[in-house]
Amino acid sequence: LESVPCLAVFNTNNENASYCNITSDLKDSYMAISTFFGERLLYTYWGGWSHDCVDCSFFLKCDLLYDSQDTRDCYQGKYLYQCSKVVDSNFCFNCVDCTNCFECVNLRHKSYCIKNEQLTKGEYEERMKMLNLGSHSQVEKIKKEFWEFTLKFPRRFLTQLNCENCLGNYIENSHNTIHCFDVFEQENTKYMFDAGGAKDSMDFTQAGLGCELDYEMQEASYSYDVAF
């Protein structure tokens, strides 16, 4: 192995995305790592099927996000964390199916809320006008206030969605997935990190799409009965 030159970067089927690594099917992207099937992604890590996102990590099927982490099916938001189906919202933690929310935690199916307080559309818009989100110092102040606010609420010990017989954290749409973290659509897998779409395999990192009966893989996809 040491006698063979190693690739500096590993990318497939990209267009205008030269400064990326471990990516596939990206277009007009920059500094994206472990990211696939997306356009106009900047400074991202482990994302897929997304567009126009900047400074995001662990995101799937998201558009127009900034500085967000662990998001699914979110649209036009900033500072979203562990959120799913959140639209036109900023500073949200563990919210699902919410629109026009600001500094909210653990909400489900809500609209026009600030700090978990239910408002009318008019009240929400008036209070939002009072905020100067174009000021860096103001945003930093809100960030500190937001994280202090999140500490007032209980947190789940793990995050799993549509899972059966799974052990690990940040697992989605999986079955018989043991000791895996940040994975999705797995079946009969063990010991994986940053993986998705694998079946009957184990010991993966940054791999998995279309993989079956594989062992000890990294940066791999669409393989069958392969080891190391």
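Model, not experiment: these values are computed from the prediction.
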Within the distance-only criterion (no hydrogens, no angle test), does the side chain of [X] pair as donor or acceptor with the backbone N or O of [Y] below 3.5 angstrom?
X: Ser201; Y: Leu213; result: yes
X: Asp28; Y: Arg40; result: no
X: Ser29; Y: Leu41; result: yes
X: Asn21; Y: Ile33; result: no
X: Asn106; Y: Pro154; result: yes
X: Thr150; Y: Glu148; result: no
X: Gln160; Y: Gly168; result: yes
X: Thr120; Y: Glu123; result: yes
X: Asp200; Y: Glu212; result: no

Kindly assign one of parallel, tilted or perpendicular to the pair Tyr79 and Tyr66, based on the angle between their ring planes and the thresholds 30° and 60°. perpendicular
Return the orientation label for the Tyr191 and His179 ring planes: parallel under 30°, perpendicular over 60°, tilted otherwise. parallel
Quick one: does [X]'s side chain get under 4.5 Å of [Y]'s, heavy atoms only?
X: Lys115; Y: Phe149; value: yes
X: Cys113; Y: Leu107; value: yes
X: Leu42; Y: Val54; value: yes
X: Val226; Y: Met217; value: yes
X: Asp55; Y: Lys78; value: no
X: Met128; Y: Ile114; value: yes
X: Glu126; Y: Met130; value: no
X: Val105; Y: Tyr81; value: no

Less than 3.5 Å apart, any donor N or O on the side chain of Asn14 or Thr23 sitting next to an acceptor on the other? yes
Are Asn13 and Ser24 linked by a side-chain donor-acceptor pair shorter than 3.5 Å? no
Could you give the distance from [atom1] ([X]) to [atom2] ([Y]), rounded to the nearest 0.5 Å?
X: Asn116; Y: Lys110; atom1: CG; atom2: NZ; value: 9.5 Å
X: Leu65; Y: Asp63; atom1: CG; atom2: CG; value: 7.5 Å
X: Phe36; Y: Thr12; atom1: CZ; atom2: OG1; value: 11.5 Å
X: Asn11; Y: Leu26; atom1: CG; atom2: CG; value: 7.5 Å
X: Asn90; Y: Leu133; atom1: CG; atom2: CG; value: 6.5 Å
X: Gln206; Y: Asp182; atom1: CD; atom2: CG; value: 11.0 Å

Worked verdict on Phe228 versus Tyr215 for ring-ring contact (aromatic ring centres under 6.0 Å, His included): CA-CA 6 Å; Phe228 306 104; Tyr215 174 70; 5.4 Å; yes
Assess the residue pair Leu119 and Arg127 against the criterion (side chain to side chain contact (heavy atoms under 4.5 Å, CB included)); give the C-alpha distance rounded to whole Å, side-chain angles, the decisive distance to 0.1 Å, and a yes or no. CA-CA 10 Å; Leu119 305 172; Arg127 288 176 61 171; 3.5 Å; yes
Please evaluate residues Thr99 and Ser111 with respect to the criterion side chain to side chain donor-acceptor pair (under 3.5 Å), reporting the C-alpha separation (whole Å), side-chain torsions for both, the decisive distance (0.1 Å), and the verdict. CA-CA 5 Å; Thr99 60; Ser111 297; 2.7 Å; yes
Please report the closest heavy-atom contact between [X] and [Y], naming both atoms and the distance.
X: Gln186; Y: Ala198; value: OE1-N, 3.0 Å
X: Leu80; Y: Ser89; value: CD2-O, 3.6 Å
X: Phe204; Y: Ala195; value: CB-CB, 4.3 Å
X: Cys163; Y: Asn173; value: SG-N, 4.0 Å
X: Lys85; Y: Cys74; value: N-SG, 3.8 Å
X: Asp70; Y: Arg72; value: C-NH1, 4.1 Å

Mind checking whether Phe153 and Val86 sit in one hydrophobic cluster, side chains of I, L, V, M, F, W, Y counted as touching below 4.5 Å? no
Are Tyr112 and Phe102 in one and the same hydrophobic cluster, where Ile, Leu, Val, Met, Phe, Trp and Tyr link if side-chain heavy atoms are under 4.5 Å apart? yes
What do the steps show when you test Lys190 against Leu167 for side chain to side chain contact (heavy atoms under 4.5 Å, CB included), and what is the final call? CA-CA 9 Å; Lys190 291 183 178 181; Leu167 178 63; over 6 Å; no
More than 12 heavy atoms of other residues, nucleotides or ligands under 6.0 Å from NZ of Lys141: yes or no? no
Verify ring-ring contact (aromatic ring centres under 6.0 Å, His included) between Tyr19 and Tyr30, making sure each step is shown before the conclusion. CA-CA 6 Å; Tyr19 294 94; Tyr30 180 78; 5.8 Å; yes
Centroid separation [X] to [Y] less than 6.0 Å:
X: Phe58; Y: Tyr45; value: yes
X: Phe181; Y: Tyr170; value: no
X: Phe91; Y: Phe146; value: yes
X: Trp46; Y: Phe184; value: yes

Centre of Phe93's six-membered ring, under 6.0 Å away, within 45 degrees of the axis: is that where NZ or CZ of Arg155 sits? yes
Do the side chains of Lys61 and Asp73 get close enough for a salt bridge, i.e. N-O under 4.0 angstrom? no
Can you list the steps and then say if Asn100 with Asp88 is a side chain to side chain donor-acceptor pair (under 3.5 Å)? CA-CA 5 Å; Asn100 294 290; Asp88 292 328; 4.8 Å; no
Checking side chain to side chain contact (heavy atoms under 4.5 Å, CB included) for the pair Thr189/Cys180: CA distance, chi angles, key distance, verdict? CA-CA 8 Å; Thr189 59; Cys180 294; 4.0 Å; yes
